[in-house]
Structures are given as C-alpha cells and as structure tokens.
There are 2 protein chains.
Amino acid sequence: MALDQHEVPDIVVGRLPVYLRALSAMKSGGKQYTSSHELAEWLGISSAQIRKDLSHFGEFGKQGTGYSVIGLYDELRQILHLDQDWPLIIVGAGNIGSAVASYTGFSHRGFRVVGLFDNDPTKIGAQIGGLTVQSNNEIPQFVADSHTQHAMITVPAQYAQQVADILVASGIKAILNYAPINLNVPHNVHVEYIDPVLHLQKMTYYL
Amino acid sequence: MALDQHEVPDIVVGRLPVYLRALSAMKSGGKQYTSSHELAEWLGISSAQIRKDLSHFGEFGKQGTGYSVIGLYDELRQILHLDQDWPLIIVGAGNIGSAVASYTGFSHRGFRVVGLFDNDPTKIGAQIGGLTVQSNNEIPQFVADSHTQHAMITVPAQYAQQVADILVASGIKAILNYAPINLNVPHNVHVEYIDPVLHLQKMTYYL
DNA sequence: ACCAGTTTGTTCATACTAGCACAAGCGCGC
DNA sequence: GCGCGCTTGTGCTAGTATGAACAAACTGGT
C-alpha cells in the first residue's frame with residue numbers, strides 16, 4: 001500500500017534480492033504459484049516478514065491463492081531496477097578477479113561484465129573470461145564512455161583505497177569490495193563488502 | 001563485565017571479526033594504542049557501539065589511554081577461538097574454488113586450506129594452490145582423519161545441497177556457501193552465504 | 001448459493017538495537 | 001599534589017525490527 005520508497009528500511013531492501021533468487025529458482029522449476037509460507041520455509045525466515053517486506057512496495061498477492069511466481073519475480077526486478085542489464089567493471093585481474101570475470105552467474109541477474117583492469121604490465125592485454133585486461137589508466141575514459149555505475153575491487157588490500165578513489169572520481173556509484181579493508185568514499189557512493197574470512201571467523205565463535 | 005557468552009547477540013559476534021581486521025591493520029602499521037573513537041571513525045560506526053560490543057566479553061581498555069592494539073587483538077582472537085589454525089576444505093574446483101584455494105589471505109587469520117575436492121574426473125589429480133584435487137568420495141574419510149570442521153562450497157547451485165548433505169554427514173560444523181541457493185542443514189551446523197550478485201542487486205535499488 | 005479451507009495485508013505487542021550522556025578512572029604537566 | 005583533558009564502561013531513552021494474530025478476500029467443491 002505504501003509506495004513512499006524513501007521510507008523503506010535498508011534491511012528490507014537487502015532481503016529483496018534473496019526473495020528474487022528464490023523466485024528465480026521456482027520459475028526454473030516450472031512452479032506457477034507460491035505463498036509467503038512456502039517462501040518462508042524455503043528461506044528459513046517467517047512468513048509474516050515476507051508479507052510485511054513486500055507490503056512496502058505494493059500488494060502483489062491474492063488471498064487464498066498466494067503470489068504468481070512470474071508476477072512477483074517481475075515486480076521485484078522492477079523495484080530493484082533489474083529490468084535492464086547494468087554494465088560492470090572489475091579492477092584487479094588476480095586470482096579472484098579472474099574467477100569473477102569468468103563467472104557466468106551475472107548475465108541473467110541484471111549485470112554484464114564489460115571491463116577488466118589491472119596495473120600489472122604483464123597482465124595487460126591478456127584475455128580473461130572473454131575480456132582483454134586494460135591498464136587502470138583507462139578506467140576514467142572507459143567508465144565515461146560505457147556509462148558504467150558498478151565496479152568490483154579485487155586488488156590486494158594495500159591498493160584498494162587508491163583504486164576506490166579512481167573509481168569514485170570516474171563516476172562509479174556502487175562498489176563491491178573484495179579487499180579486506182574498509183573504504184572511504186563520499187556519501188552518495190554505495191559500498192558493499194565481501195570477505196570470506198569474516199564469515200568463517202564468525203562461525204568459529206560458536207565452535 | 002558480563003561473561004555469560006550464551007547471551008551475546010549474534011549481530012555483535014558478527015562485528016568482532018571486523019574489529020579484528022582493523023586491529024590487524026593497525027598492528028601492521030606499528031600503532032601501539034587506539035581508542036573506540038578512532039576505531040569507530042575507521043569503520044564508519046559509532047564509538048559507543050564498539051565499547052558496548054566489547055563489554056559483553058570483559059573490560060579491555062583503560063580510561064584516558066584507550067586499548068592496547070596488540071592486547072585487544074589477542075583478546076579478540078581468543079574470544080573467536082582464532083588462537084589456533086583451523087583446517088578448512090573446499091568442495092568445487094571450478095573458477096571460484098580454484099581462486100579461493102590459491103588465496104593466501106587465510107593463513108594469518110586463523111585458517112589453513114587442507115583439502116580441495118571435485119567430482120569432475122578431468123580435474124581430479126590436478127594441482128591447484130599447492131593442493132591435489134581429490135574426488136568427493138574421499139570427503140568423509142578426509143574430514144574424519146584431519147578433524148576438519150570448516151568447509152566452503154564452490155560448486156554449481158544444482159549440486160550444492162547434495163554436497164552440503166555429504167559435508168554434514170562427514171561431521172563438518174561450519175559451511176561457507178558460494179552457491180546462490182539456500183541450504184537445508186541441521187540446527188547444530190552453521191551456514192553463511194556469499195553471493196556477490198546479492199550485494200550488487202541491493203545497491204542497484206538506490207541508483 | 002453457500003461453506004470450508006487458504007492466504008493475504010495489517011495491526012499490535014514484544015524484543016532487539018543503537019547511540020547519547022555521564023560518572024569513574026587514568027595520565028600528564030605544572 | 002592537583003587539576004585538566006581524555007577515554008572507558010554502562011544506564012537510559014528512542015528508534016527499529018520481528019512475529020503472532022486476525023479481519024477481509026479468494027477458490028473450489030457441494
């Protein structure tokens with residue numbers, strides 16, 4: 001019912017991609033309808049939470065029937081602005097960067113890797129995942145030309161901040177940082193972090 | 001002051017590794033003392049939150065002085081049970097699994113990759129990151145012999161659940177899952193998820 | 001047409017989380 | 001020795017998140 005997007009809590013926004021992922025799996029499985037209860041069991045959360053999260057954006061279900069899988073899938077894609085393919089660049093062509101550049105899981109989830117950059121002269125020019133590694137010097141021009149707003153940082157920690165500065169100056173608005181360090185960026189640039197060791201360490205507390 | 005570890009909120013435990021990471025960086029930089037305020041600015045959170053989080057486990061600071069970097073670092077390592085090296089296996093020797101197996105960032109943060117597994121006959125026997133790829137059939141014996149409790153799943157989504165079942169049956173207690181799917185495991189097994197696309201999709205909402 | 005079985009969207013109460021603000025404690029300089 | 005500046009640990013308050021519960025609504029069968 002409420003559509004004032006400015007009031008949606010960040011934590012709710014963070015769950016929408018999870019719902020989208022589950023719906024995508026159901027869609028692939030040929031399922032036509034689902035319910036908040038089924039989704040909840042699937043994801044290990046409460047059904048009330050799913051219904052309340054969705055209610056921030058509109059009324060997508062029907063009493064007695066539940067949700068159309070494809071219908072809700074499309075709604076969530078629109079809400080998350082994923083009804084288009086966003087270009088995405090990767091800075092850092094080491095082990096992780098190369099693996100991510102070769103990852104085929106982006107294409108059908110809203111993103112397309114269009115550029116791969118590294119400062120190591122021995123890597124520049126190499127072909128990885130169908131892309132040619134370019135020098136970091138090319139980043140500003142490339143970002144401007146391709147209207148790219150998403151970037152992933154996969155360089156060693158000591159270079160991550162300076163890469164982030166380059167990306168911000170180039171106009172990047174969303175950074176996914178694989179380096180185990182906190183980045184300093186302006187408020188209008190979004191940053192998310194991935195550090196597998198953090199997750200392992202957290203679980204180790206309970207062992 | 002409170003030491004009843006059973007009452008520490010999960011969200012607090014999740015922040016401890018972040019503090020540990022920052023302290024490690026400060027230690028490398030030769031810094032001897034720090035304060036909750038400095039840590040807070042470094043990490044972009046409030047100083048009160050840091051002090052309160054730490055207060056769940058004891059009193060580690062001194063008024064007027066702050067915290068000894070090395071002292072707090074060691075305390076957190078003990079709290080998280082990271083004052084030892086935990087063996088860790090990786091199932092899935094594809095792009096991501098290979099990259100993670102070659103990642104050198106585990107060794108000084110409490111973990112050591114001791115095994116790499118895959119079901120693809122063309123990969124078994126290959127050398128990746130100093131490890132020989134073994135068949136998934138070897139997992140139960142290997143886990144038992146090496147007393148391993150941590151595992152990472154880097155196989156395609158459609159195989160992730162069956163790999164998880166094998167791991168659980170083998171005695172693994174903590175799973176870090178890279179496959180974009182929710183796993184079903186017993187309550188005494190901990191699971192954490194890494195899916196870069198989830199982070200990208202969340203940020204795209206705000207663009 | 002009506003009833004039984006489902007499921008939604010929302011209300012309400014409870015639980016949790018975050019940060020302000022302050023007393024107590026420590027160190028340094030005079 | 002004393003006072004000033006700084007920092008911790010914690011009580012308290014305000015804000016946020018969660019889940020139980022229910023009225024309204026839809027479907028299918030009789």
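Below, chains carry the letters A, B, ... as their sequence lines are ordered, and counting in each starts from 1.
For the pair A:Arg109 and A:Asp85, the salt-bridge criterion is not met [side-chain N within less than 4.0 Å of a carboxylate O]. A salt bridge between A:Asp53 and A:Arg15 is present, with a side-chain N of the basic residue lying under 4.0 Å from a carboxylate O of the acidic one.
Using a 4.0 Å cut-off, some side-chain N or O of A:Arg15 falls inside it from OP1 or OP2 of D:dT18. Within the structure, every side-chain polar atom (N or O) of A:Ser36 is placed at least 4.0 Å from both OP1 and OP2 of C:dT7. Side-chain nitrogen and oxygen atoms of B:Ser55 include none within less than 4.0 Å of the OP1 or OP2 phosphate oxygen of D:dG9.
You'll find that the side chain of A:Ile11 is closest to D:dA17, out of D:dG19, D:dA17, C:dC20.
One interatomic measurement links the two molecules: CD1 of A:Ile50 to P of C:dT7, which rounds to 13 Å at whole-angstrom precision. Nucleotide D:dT7 holds its P atom 17 Å from the CD atom of B:Gln32, rounded to whole Å. With rounding to whole Å, A:Gln49 atom CD is found 18 Å from C:dT11 atom P. Following rounding to the nearest Å, B:His56 (NE2) and C:dT17 (C1') show an atom-to-atom distance of 10 Å. We find that CD of A:Glu38 is positioned 13 Å from C1' of C:dT6, with the value rounded to whole Å. Look at CZ on A:Arg51: it is 15 Å from P on D:dA23, rounded to the nearest Å. For A:Tyr33 and D:dT27, the OH to C1' distance is 11 Å, given to the nearest whole Å. Computed from coordinates, the A:Asp53 CG to D:dA17 P distance equals 10 Å when rounded to whole Å.
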Protein-nucleotides 11-15 of chain D N/O pairs closer than 3.5 Å?
| unit_1 | atom_1 | unit_2 | atom_2 | d |
| --- | --- | --- | --- | --- |
| D:dG11 | O6 | B:Lys52 | NZ | 3.4 |
| D:dC12 | N4 | B:Lys52 | NZ | 3.2 |

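Closest heavy-atom contact between A:His199 and B:Leu176: CB-CD1, 3.7 Å.
If you check the side chains of A:Arg51 and A:Ser47, you find a donor sitting under 3.5 Å from an acceptor. No donor-acceptor contact under 3.5 angstrom links the side chains of A:Asp74 and A:Gln78, judged on distance only. Remark: the A:Thr204 side chain and the B:His150 side chain contain an N/O donor-acceptor pair separated by less than 3.5 Å.
Annotation: ring pair (Phe, Tyr, Trp, His ring centres under 6.0 Å) contacts involving residues 154-194 of chain B, sequence neighbours excluded, comprise A:Tyr206-B:His190.
Applying the side chain to side chain contact (heavy atoms under 4.5 Å, CB included) criterion to A:Glu38, with sequence neighbours excluded, gives A:Met26, A:Lys31, A:Thr34, A:Ser35. A search for side chain to side chain contact (heavy atoms under 4.5 Å, CB included) contacts involving A:Pro9 returns A:Ile11, A:Val12, A:His56, not counting sequence neighbours.
Using five terminal pairs a side, the axes of the helix from C:dA1-D:dT30 to C:dC30-D:dG1 at its two ends make an angle of 10°, given in steps of 10 degrees.
Residues of residues 62-73 of chain B having a heavy atom closer than 4.0 Å to DNA chain C, listed by number: B:Lys62, B:Gln63, B:Gly64, B:Thr65.
For the side chain to side chain contact (heavy atoms under 4.5 Å, CB included) criterion with B:Val168, the lone passing option out of B:Val191, B:Val163, B:Val185, B:Leu183 is B:Val185.
B:Trp86 places a side-chain N or O within donor-acceptor distance of the main-chain N or O of B:His81, the cut-off being under 3.5 Å.
Considering only heavy atoms from C-beta on, B:Glu138 comes within 4.5 Å of B:Phe117 through its side chain.
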